[in-house]
Each structure stands twice: as structure tokens, then as C-alpha cells.
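Notes follow the structure.
The figures here come from the full heavy-atom set of this structure, side chains too, leaving out hydrogens, waters and symmetry mates. Numbered from 1 within each chain, the chains take letters A, B, ... in sequence-line order.
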Amino acid sequence: MSGILRLRHALIKLLTEAVSEAQQQGKLPAVTLPEVLLEHPRYAEHGDYACSLALKLARTTGLVPLAIAKDIVGLITPPPEISQIAVAPPGFINFMLKDNWLASQVEEILAAGDGYGSIDMGRGSWVQVEFVSVNPTGPLHVGHGRGGVLGSTLANVLASAGYKVETEYYLNDAGSQIDAFQRTLYARYQQGLGTDAEMPADGYLGSYMVDLASEIIAQEKDSFLKLPEDEAVPALGRVGLAKMVTQIKAALEQLGVKFDVWFSEQSLYDKGQYDKAMARLSQGGYISQREGAVWFGATALGEDKANVVVRGDGSPTYFASDIAYHYNKFVERKFDTVINIWGADHQGHVPRMKAVIAALDINPERLKVIISQLVTLRRGDELIRVSKRSGDIITLSEVIDEVGRDACRFFFLARSADSQMDFDLELAKKQSEDNPVYYVQYAHARIASILRLAEERGIDFSGGDVSLLTTEPELSLIRKALLLPEIVEVVATTLEPHHLAYYAQDLATVFHSFYKQCRVVSEDEVLSQARLKLVKATQIVLARTLHLMGMTAPERM
RNA sequence: GCGCCUAUAGCUCAGCGGACAGAGCAUCGGUCUUCGGAACCGAGGGUCGUGGGUUCGAAUCCCUCUAGGCGCGCCA
């Protein structure tokens, strides 16, 4: 664990102990302690950390907050990293860090290198992040890109936070939508070969299906026409599906998203997962038969109504698959925590799935579902339809071609998953000059350039004395750089990757400001060496932040 | 009708129980211009959707209402 995080936890412990000591001495009534939180005050004069514990204790004890704060502070022996503990009205306890301790932390960043920002909160706990998981019945669009960026970033952060992480794409290669896909493809295939064929009523109308058919015709000619229809449809379908999956993988790779596991829905049935899961649920009395269908009902577990698992015609619903899938995740593969990232249109599915988990006798807390709100694509004022079924779409791949991968990722990461967003292609391109993406990356390139200069001049700063870093711009930069482990902790706790994007911008801002005020490579060799160490440390932190976001940290731009 | 998400500066969004509500863009004004000006500094701009409530303290928690998005299938 980094020094800064260790210190944070130490301060919380000191505060906690001081309160119980005060209680033993009778200075404070024996009320239960509220959670001790340390925050970073907005204003520098309030110190590096602030605690409102005394304010909170005032409520339960009926005492004056300022007096409580003074009592608590009186019982704390300040650790060596702290220069001052102050009590400020109406009852805040503020901690100031020692400048020379701050400066010494530059060495810690340097020593940690690329590993700076890694923490051990996960303690090797096993986490699965499942995301995108789009039906392979059409190309990916921007909305899927948001899920991909969210998921891959979260996986990066969780791994850095000490979790054992596995990413997964759940491939719906079974079910009625695949069926419709196959029949659509067959129709397009026939049409492509000059045969009159009618599109299925529930077919996919997009022109990409026509392209897919002609691609197959180019390779396989009319070979599928020679088979009887009931053989041709699935055979052709398999070929089409494979091509679709390849396309999806390529688009994701363009976005910098890779999966450890591609999990087949069909395999749940082939490998008996479905039967095992259903047997368990039946044992628990959660399965019933009615109106010719099989239902899952768990009103006792908070579900308001029952849902069909097996249709009247004997075919399982997607809900059946999801039951088996989650049984597999928790029971067979034994993930400690499973994170699913779903689009807003799946929101209603969350309570149902939690009920299933509970019915399997698994703590539903272990399933975390992140709902990412919908993305609408627009070009200026023109809205672009994204419905796969009804027509043509702009694919994710086209968007990345147009906007670029880094910009695309940053754009998605710059807002919380909770808020809907418009992805305006015109704006994304027009803004590319003063886009925050470039602002952040520019900071990194600038640093690289300084280090290059130092190297050209043959400056060896390995012996630099960081205690020479004492001015405000230098210390501000150090403070900001030292925040990374905390950001990792926050993101891993809240599962909200957008904090990274804001942090990256903040760090870049503080660096640019430092750069303006402090000449790094100068006549003063000793100071130059110290500042080069700081610059190098900043580069490490900035690069790590960018990499966590799945972005590049360019040496030049 | 019910459920979930959203409403904060002109625009796009952070902040989600604490000390004077922030950033980017846009607008206006300035800087240095020997390490990358894709930079820096400053200014203006906000009844935090509405109305109640809880609290020493609310943008933040609870309730009402309004507006927008998404759901509420033997689709996924």
C-alpha cells in the first residue's frame, strides 16, 4: 500500500482511538461512533484532510462540536507526516501534511514506477466483469461502446486494486433472436442469388444483412441453396454468426477492449448448467407449472411477479439462460463478486436476477449490476437511429474511425454511467483541437519532451534531492500526483470509472501550471535534478491514469 | 398506472450530509513567448427543476409536483 493511503488509514485509526479514549475519560458520553470519514477540503487553508467527526458527535452527545473537536485533538499524538492538527469552527479537525514528507513521496512514486497506484484492497478476491454481451445479430453501435469502455476500465482498475479479475462477453448464440437472424440471412442469401425470397416478419432489415449475405455468396457460392431449407438455415446461420462475431471482436479491439472469456449461451444447455440450476430452484420451491409454461416466482424474495422460464412450446426463455448463467458464475466458477454492465433497457431485469441469486441461496450483494444509460448518436442536429432491427445504423467501428479511440474512450469516461448522453460526432470532431483528451495527453507529451531534453544534455537526475521541492507549484503537483491510489480505491469501491477522467484532467492542469511557473531544466543543476524527479514521477502517474482508462500516453503528438 | 435514471453557470457535466457550489467549452480581458502556446493567469456568469419536510447544517436524505429518457412480453 502506498504511504499516502497508509497515512489516511492511520489518521482514521487515531481519530477512532481518540474518541474511545475521550469516552473512557468521561469527556464524551458512550455513544456509538459514526463512520470516520476524511475528506479533502476545497480550500488549502483547511489543510490536506478534514474530518467532521466532532460535528456528527455533537448530535448524539448534545455537546458543543468545537469542544468535542478540541478534546479529540488533545488526545491525538500527531504522526511524523503531519505538521499540524487544527480545530476550526464550527468543529472541523484539519490535518496539514509536512512539506518535506510530501516531497519525500516523490521517491516513493519513482520507486513504485508503473506499479504506482496499485493497492491491495481486493486481497485477491475473485471478480468477474461481464459486459457488452450484445446479441451477435448485428454490428455494435455507440451505446455498446459505452458499455465496453466502462467495463474494460473497471476491470483495469479492479485489477490495480488487488482483485483477481476476469472479463467476459456472454455470447447469445441460442434463442429466438438468433433464429430470426438465421432466417433473415437465408432470405438475403436467396435474394442475393436471384431467388425470390420473403423476409421473415421478425427479420433484421438493416443493409448489413445484405452485405453479410453477399460476402458469404462470394465465398460459398450457392452451396447452401442445394441443401433442404431446414438444413440450410442453421448451416448458413452458423457461418453468418461466426462472421458477425468476428466483426464485433474487431470493433471492440479497435476500442481497446479485449475479453478473457467468450462464454457461449448454448453451452449452458449442452453442459447441464441449466438442469442443475433448475433442480436447485425446484428444491427451494421457486418453480411452478401453470398455463402450460414453467415459471420462476419468488415473491418472498422481493420479486413482484413470476416470470416464464420455459414457454408453452417447451423452449426456454432468455431468462432461463440467465438463471443457468448466473448459477454457473457463482456456483460452478465460484466468483466472489460478479459485475454485470447492462444497458438502461435491461433495468427491469435487475430485481428478477437478484431474486434468482437469493433463491440459489447466494447473497445477492455479490451480484452488482451497473446500468449504463442510453447513448443517442447525433451529427449536429440530426439524430441518428440506432435500432438494429429497423434499419441502417452507424456502427461503433465507424464512430471510432471518425473520432479516434482515445477520444472515444475519454468521451465515454467523462460522464457517469447514470446520465444519458448524446454522442455528437460533429462536436467530437470539431472540438478535437481543445478536447480534454488532447489536453491531458499533451501534458504527458510535454513531460516526455522535457525528459528528452534532459537526456540530450546528459543530465543524470538519479541522485536528485527531492527535499529541494518546496514551492507551492511543486507541492501542489506532488499532492495531486499522490491522489492516484485514492482514486483507484474510490473507483473500485463505487464502480464509477468517471472519476478517473476528472482526475486525469486535474493532474494535467496542475502540471501545466507548475510547468509555467517552474523552469525544470535550468542553470541550477541541483534544483534541475530535483525537479526532473518530480516531472518523472508526474509522468508515471499520468501514464498510469491514462492506461487505466485504456488510453495511450503519447511521447509526442 | 407502477418501477429505475436524469434535472446544478449560455452549453456539456462533476460534486451526492459539512466550512465561501466546481471544471471544461463558450464570452471578455491579460501573460510569458530560451524545457512543446495543443500552454498559463484573471473576469463575468448559478433562487443547484418546483413545493414541503428531516438536520446544528441539504445541491446532497425523505415526500409532492413538473419535464425528459428507459422499462413493465411465453423478445433479449
Side-chain angles (χ1 to χ4, degrees), chain A residues 34 37 39 41-43 45-46 50-52 55-56 58-59 62 64-65 88-92 94 133-135 137 172 175-178 180 202 265 291-295 304-305 307-322 342-351 371-374 376 389 411 414-422 424 427 430-443 445-454 456-457 494 498-499 501-502 505-506 508-509 511-522 528 531-532 535 556-557:
Chain A
L37 297 171
E39 60 179 276
R42 219 192 317 269
Y43 303 96
E45 68 257 35
H46 295 147
C51 184
S52 60
L55 271 334
K56 293 194 167 77
R59 173 168 8 257
V64 180
F92 289 101
N94 298 327
S133 299
V134 178
N135 270 5
T137 52
N172 301 91
S176 60
Q177 296 209 356
I178 288 297
D202 55 352
E265 175 182 5
E291 297 159 31
V294 178
W295 302 70
D304 53 350
K305 62 181 171 58
N307 293 280
V308 171
V309 180
V310 182
R311 299 185 185 92
D313 68 2
S315 63
T317 63
Y318 86 105
F319 184 45
S321 299
D322 257 0
W342 291 346
D345 51 343
H346 289 67
Q347 167 64 235
H349 190 44
V350 177
I371 297 298
S372 87
Q373 293 298 317
L374 265 32
T376 51
R389 186 154 263 168
F411 197 89
R415 56 216 68 205
S416 77
D418 287 336
S419 55
Q420 306 161 221
M421 61 182 284
D422 278 358
D424 185 343
L427 199 73
K430 193 178 75 184
Q431 275 193 342
S432 66
E433 278 300 298
D434 35 27
N435 199 307
V437 184
Y438 300 104
Y439 178 80
V440 173
Q441 292 185 323
Y442 178 67
R446 212 177 208 185
I447 289 170
S449 162
I450 296 170
L451 295 174
R452 247 179 268 132
L453 178 79
E456 278 164 24
R457 299 207 182 159
T494 61
H498 69 271
H499 295 111
Y502 285 88
Q505 273 185 96
D506 277 357
T509 298
F511 171 74
H512 284 310
S513 178
F514 155 83
Y515 174 85
K516 206 69 183 180
Q517 296 172 75
C518 301
R519 173 84 201 180
V520 178
V521 179
S522 68
S528 294
R531 285 185 172 165
L532 280 165
V535 166
R556 297 171 205 271
M557 337 179 15

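Projected onto RNA chain B by closest heavy-atom contact, A:A344 and A:H498 fall at different nucleotides, the more 5' of which corresponds to A:H498. Annotation: of the two residues near RNA chain B, A:W295 and A:A58, the 5′-most nearest-nucleotide partner is A:A58.
Going from atom NZ of A:K56 over to atom P of B:rA19 covers 11 Å, rounded to whole Å. For A:Q505 and B:rC13, the CD to P distance is 14 Å, given to the nearest whole Å. Summarising the geometry, the separation between CG on A:L374 and P on B:rG71 is reported as 7 Å, rounded to the nearest angstrom. One interatomic measurement links the two molecules: CG of A:N435 to P of B:rA38, which rounds to 15 Å at whole-angstrom precision. Summarising the geometry, the separation between CD1 on A:I371 and P on B:rG69 is reported as 19 Å, rounded to the nearest angstrom. Between the CG atom of A:D322 and the C1' atom of B:rG73 there is a distance of 15 Å, given to the nearest Å. When the P atom of B:rC35 is taken as reference, atom CD1 of A:I450 falls 10 Å away, rounded to whole Å. Note: CD (A:Q373) to P (B:rG3) measures 17 Å, nearest angstrom.
Judged by distance alone, with hydrogens and angles left aside, the side-chain atoms of A:T317 form a donor-acceptor pair with the main-chain N or O of A:V309 at under 3.5 Å. For the pair A:D422 (side chain) and A:D424 (backbone), a donor-acceptor distance under 3.5 Å is absent. In this structure, A:S528 contributes its side chain and A:V520 its backbone to a donor-acceptor pair below 3.5 Å.
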Next on the checklist: The test is side chain to side chain donor-acceptor pair (under 3.5 Å); show your working for A:S315 and A:D313 and say whether it passes.
Outcome noted: CA-CA 6 Å; A:S315 63; A:D313 68 2; 2.7 Å; yes
Item to check | Stepwise side chain to side chain donor-acceptor pair (under 3.5 Å) test for A:T509 and A:Y439 | outcome: CA-CA 8 Å; A:T509 298; A:Y439 178 80; 3.1 Å; yes
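Here the closest heavy-atom approach between residue A:T137 and residue A:Q177 is recorded as CG2-O, 3.8 Å.
Side-chain contact of A:E265 with A:S321: a donor-acceptor pair under 3.5 Å is present, judged by distance alone.
Within the nucleic acid shown, A:R415 comes within 4.0 Å of sugar-phosphate atoms alone, with no base atom in reach, counting heavy atoms only. A:S522 comes within 4.0 angstrom of no nucleic acid atom, judged by non-hydrogen atoms across all strands. Counting non-hydrogen atoms under 4.0 angstrom, A:C518 reaches a base of the nucleic acid. Across all strands, A:L453 comes closer than 4.0 Å only to sugar-phosphate atoms, never to a base (heavy-atom distances). When heavy atoms are screened at a 4.0 angstrom cut-off, A:A448 is found touching no nucleic acid atom at all. Across all strands, A:S449 comes closer than 4.0 Å to base atoms (heavy-atom distances). Among the heavy atoms of the strands, none lies under 4.0 Å from A:A454.
A perpendicular orientation is assigned to the rings of A:H349 and A:F319, their planes being inclined by more than 60° (bins at 30° and 60°). A:H346 and A:W342 have tilted rings, their planes meeting at an angle from 30° to 60° on a 0 to 90° scale.
Taking the P atom of each, B:rC25 and B:rA67 are spaced 35 Å apart, rounded to whole Å. On the C1' atoms, B:rG10 is 11 Å away from B:rG46, given to the nearest whole Å. B:rG42 and B:rG22 have their P atoms separated by 14 Å, with the value rounded to a whole Å. When the P atom is compared between B:rU60 and B:rC5, the two are found 15 Å apart, to the nearest whole Å. To the nearest whole angstrom, the two P atoms, one in B:rC62 and one in B:rA23, are 28 Å apart. Across B:rU47 and B:rA59, the matching P atoms stand 14 Å from one another, rounded to whole Å. The same atom, C1', is picked in B:rG45 and in B:rC28; the two are 11 Å apart, to the nearest Å. When the C1' atom is used for both B:rC63 and B:rG24, the distance is 35 Å, rounded to whole Å.
Using Watson-Crick or G-U wobble geometry with both donor-acceptor distances under 3.5 Å, B:rA23 finds its partner in B:rU12. Summarising the base pairing, B:rG3 is matched to B:rC70 through a Watson-Crick or G-U wobble pair whose two defining distances lie under 3.5 Å. Within the shown strands, nothing qualifies as a pairing partner of B:rA58 under the Watson-Crick or G-U definition with both distances less than 3.5 Å. Pairing of B:rC40, defined by two Watson-Crick or G-U wobble distances under 3.5 Å, is identified with B:rG30.
Residues A:I178 and A:N135 have side chains not in contact (no heavy-atom distance under 4.5 Å, counting atoms from C-beta outward). In this structure, the side chains of A:C51 and A:F92 stay at 4.5 Å or more apart for every pair of heavy atoms. Looking at heavy atoms from C-beta onward, A:F511 lies in side-chain contact with A:I447 at the 4.5 angstrom threshold.
Judged by atom type and distance alone, A:Y318 reaches the base of B:rA76 through a side-chain donor-acceptor pair under 3.5 Å. Under 3.5 Å, the side chain of A:H346 and the base of B:rA76 form at least one donor-acceptor pair of N or O atoms. Donor-acceptor pairing under 3.5 Å, judged by distance alone, is present between the side chain of A:E45 and the base of B:rC20. Contact annotation: side chain of A:Q420 to base of B:rG68, donor-acceptor pair present below 3.5 Å. On a pure distance criterion of 3.5 Å, no polar donor-acceptor pair joins the side chain of A:D506 and the base of B:rA14.
Across B:rC74, B:rA19, B:rG3, the shortest atom-to-atom separation from the side chain of A:H46 is found for B:rA19. Relative to the side chain of A:R59, the nucleotides B:rC35, B:rA76, B:rU55 differ in distance, and B:rU55 lies closest. Picking from B:rC35, B:rG24, B:rA19 the nucleotide with the shortest atom distance to the side chain of A:P436 gives B:rG24.
Regarding contacts with the backbone of B:rA19, every side-chain N or O of A:S52 stays at 4.0 angstrom or more from both OP1 and OP2. For A:H499 and B:rG15, the shortest distance from a side-chain N or O to OP1 or OP2 is below 4.0 Å. Note on A:T317: every side-chain N or O is 4.0 Å or more away from OP1 and OP2 of B:rG73. Side-chain N/O atoms of A:Y43 include none lying less than 4.0 angstrom from OP1 or OP2 on B:rG18. At least one side-chain nitrogen or oxygen of A:S419 sits closer than 4.0 Å to the OP1 or OP2 atom of B:rA14.
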If you restrict it to nitrogen or oxygen atoms, what contacts under 3.5 Å exist between nucleotides 59-63 of chain B and the protein, and what is each distance?
none

Distances under 3.5 Å between protein N/O atoms and the N/O atoms of nucleotides 39-43 of chain B, please, pair by pair.
from: B:rA39; atom 1: O2'; to: A:R446; atom 2: NH1; distance (Å): 3.1
from: B:rA39; atom 1: N3; to: A:K516; atom 2: NZ; distance (Å): 3.1
from: B:rC40; atom 1: OP1; to: A:Y439; atom 2: OH; distance (Å): 2.4
from: B:rC41; atom 1: OP1; to: A:S513; atom 2: OG; distance (Å): 3.3

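In this structure, A:R446 is positioned above the aromatic face of A:Y515, its NZ or CZ under 6.0 Å from the six-membered ring centre and within 45° of the axis.
For A:F92 and B:rA19, the ring-to-base geometry satisfies the stacking test (centroid distance below 5.5 Å, interplanar angle below 30°).
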